[in-house]
Amino acid sequence: MKTLTEKIEDKVKQAFAAAGYDPELGHVSVSNRPDLCEFQCNGAMAGAKKYHKAPFVIADEVAQKLAGDAAFAKAESVKPGFLNLTLSPEFLAEELNEMASDAKFGYRGEETPKRVVVDYGGANAAKPLHVGHLRSAVIGESIKRIEKYAGNEVTGDVHLGDWGLQMGLIIEQLRDMKPDLPYFDPNFKGPYPAEAPFTISELEKIYPEASARSKKDAAFAARAHEATLKLQSGDPACTAIWKHIMNVSKKDLKKNYDSLNVHFELWKGESDVQPLIPGMVKDLQDRGIAHESQGAVVVDVAEDSDKIEIPPCLVQKSDGAALYATSDLATILDREATLHPDRYIYVADKRQSLHFTQVFRTARKAGFVKPETELLYVGFGTMNGKDGKPFKTRDGGVMRLENLVADITDAVREKMAGSDGLPKDEMEATARKVGLAALKYGDLSNQASKDYVFDPERFSSFEGNTGPYILYTIVRINSILNRYRSEGGTLEESERHIGSPAADVEKNLGLCLSRFPEVMETAREELAPHKICQFMYETADAFSKFYTNVKILAEPDEAKKKSYLSLLTLVRDMLTTCTDLLGMEVPERM
Ligand code: ARG
């Protein structure tokens with residue numbers, strides 16, 4: 001179905017044509033003065049020049065053509081030449097009923113479905129997760145769900161950093177910790193043990209220790225570098241340890257992501273594409289796309305229109321080693337061969353912007369992707385602590401995700417202390433769901449590129465623009481609907497009908513809901529979950545005003561009561577859909 005704005009625009013365009021003007025002048029947008037009208041058209045202003053007439057005269061003529069249209073309660077021209085439009089309650093109700101009977105509330109989704117890859121999460125195996133990885137997971141998961149909702153075929157890939165120096169560091173630290181392991185015995189004939197020589201909690205300590213040590217101990221750093229090279233050239237002992245690291249680390253990462261309700265279709269990593277690299281670099285050189293520069297291999301990607309200098313993309317260091325960009329380019333080759341994406345979406349820290357510019361330009365220059373393939377990068381800002389500096393734990397360390405979730409769950413539990421009566425198990429599960437929603441909404445309600453302050457107290461509040469407030473709205477509506485049913489009322493789909501809104505609070509709520517398809521379109525096109533949050537908050541707020549001013553279950557007229565409850569059902573269904581698109585879950589009670 002067409003969006004509400006499109007429907008109104010059609011009418012206004014027809015009116016322009018009927019009055020003898022170019023219909024294209026009839027562009028309509030949601031009013032930026034909601035106190036004056038609901039929609040507006042400024043076309044008469046633009047038409048004034050073309051037709052050598054005062055804009056007000058044109059606006060007046062068009063308004064007259066619209067006068068008989070039942071869609072409008074008011075279509076008036078105001079000086080100097082605007083058209084202010086207010087919908088009739090009947091027309092709005094008709095629209096809402098049409099939306100309610102559509103599986104996606106009138107959202108058409110992507111015109112031609114696309115194959116989409118979302119590259120997000122981006123954890124590094126064996127290294128601690130940090131808050132940047134949290135943001136990537138939360139934002140990426142939401143973008144993935146938005147793309148799916150648009151009808152696209154979407155693959156999420158965690159793209160693990162699993163092939164770097166961290167592996168050499170761990171191997172050498174392990175050698176010093178447990179020299180008797182068979183991996184370090186040059187005469188060992190194998191096979192190597194199936195069991196890992198460390199647990200996850202040991203592994204978690206090994207990397208930071210080794211990393212700190214390498215900064216002070218040059219000999220150790222050199223050993224780690226060498227072990228990394230050995231691993232990369234297929235040494236059996238190093239490979240065996242690497243496999244253990246990967247198994248232990250992946251299991252832990254899966255647990256972490258699961259607890260965030262973040263799920264990847266693919267668990268690939270940089271290591272998976274290493275075999276493609278030598279051929280790729282050679283091909284780039286053979287075709288003259290890459291050239292040598294001081295022993296390294298680079299691709300020039302600067303463009304005349306650049307406002308800042310874009311240095312060449314480094315694909316091979318002078319010692320022959322591959323780099324971050326090399327892995328990303330080889331990953332594109334792999335994805336082209338296996339997934340044939342129409343659209344790539346990378347969700348990573350905004351400080352990686354230059355990296356993605358270089359990779360995208362190289363991929364295009366080399367023809368790795370079709371010219372029409374979209375290469376998109378969502379760069380997010382930093383999650384800061386209340387001191388305005390990048391978030392750290394009290395002791396200055398980087399917070400583990402588990403602790404972060406636990407912190408906010410604690411804050412939620414405290415606020416829920418008043419809701420006695422919930423059995424202990426349900427209370428715990430609910431606090432977790434609400435806590436996670438608080439965390440995610442706190443992140444997603446900001447434009448991704450902006451930094452934001454992690455504030456468990458504010459995020460977990462049941463009032464204001466927060467996740468818990470949205471969930472509470474849904475839970476409250478469900479409880480009204482349940483009460484109606486428990487008192488013998490029925491509201492089968494066939495009985496649902498939204499009547500023409502009478503009160504302002506009712507009409508405002510309806511108007512909020514009517515924006516859903518447009519909000520989804522924008523959120524998809526701009527890869528902007530915060531637009532969905534904005535919609536949710538406005539809707540929840542409009543509901544709250546409606547609820548305060550209109551008696552619902554006490555309404556004596558049964559048809560009117562059913563109309564209110566049908567409206568509430570639509571609010572509940574849309575908000576629930578939105579929570580799912582953000583990766584939040586709705587508890588039964590809270
Ligand atoms: N592992 C990287 C990091 O921790 C993020 C990966 C982002 N994705 C990509 N395809 N480069 O910074």
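Remember, it's 1-based here, ligands and their atoms both numbered in the order they're listed. The first residue of the sequence shown is numbered 1, and numbering continues consecutively from there.
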Is a side-chain donor or acceptor of Q358 paired with a backbone partner of P311 at a separation under 3.5 angstrom?
yes

Measure from the side-chain N and O atoms of E521 to the backbone N and O of Y107, and report whether any donor-acceptor pair falls under 3.5 Å.
no

Which atoms of ligand 1 have any heavy atom of H159 under 4.0 Å away?
8 (N), 9 (C), 10 (N)

Quick one: which ligand 1 atoms are inside 4.0 Å of a heavy atom on D119?
8 (N), 9 (C), 10 (N)

Determine whether any heavy atom of Q352 lies closer than 4.0 Å to an atom of ligand 1.
yes

Is it the case that the side chain of R287 and the backbone of A366 share a donor-acceptor pair, with hydrogens and angles ignored and the cut-off at 3.5 Å?
yes

For atom 10 (N) of ligand 1, what's the nearest protein heavy atom and its distance?
D328 OD1, 2.7 Å

Proximal ligand 1 atoms for Y346, defined as those under 4.0 Å from one of its heavy atoms
10 (N)

Could you identify the single nearest non-hydrogen protein atom to atom 6 (C) of ligand 1 and state the distance to 0.1 Å?
Y324 OH, 3.3 Å

Give a yes/no verdict on whether any heavy atom in Y120 is under 4.0 Å from an atom of ligand 1.
no

Side chain, backbone, both or neither: which applies to Y377 and ligand 1 if a contact is any heavy-atom pair less than 4.0 Å apart?
neither

Is H133 in contact with ligand 1, taking contact as a heavy-atom separation below 4.0 Å?
yes

P390 meets the side chain to side chain contact (heavy atoms under 4.5 Å, CB included) criterion, sequence neighbours left out, with T382, N384

Within a 6.0 Å radius of atom CD on E372, are there more than 12 heavy atoms belonging to other residues, nucleotides or ligands?
yes

Less than 3.5 Å between some nitrogen or oxygen of H355 and one of ligand 1, yes or no?
no

List the steps, then state whether salt bridge (charged side-chain N to carboxylate O under 4.0 Å, His left out) holds for K386 with E457.
CA-CA 11 Å; K386 278 193 191 161; E457 216 24 64; over 6 Å; no

I'd like to check the side-chain hydrogen bond (donor to acceptor under 3.5 Å, both in side chains) partners of H340; sequence neighbours left out, ordered by chain and number.
none

The answer for which part of T331 has a heavy atom under 4.0 Å from ligand 1 is neither

Taking salt bridge (Lys or Arg N to Asp or Glu O under 4.0 Å) as the criterion, tell me which of E526, E525, E518 meets it with K531.
E526

With respect to atom 3 (C) of ligand 1, which of G164, G269, G122 exhibits the smallest heavy-atom separation?
G122

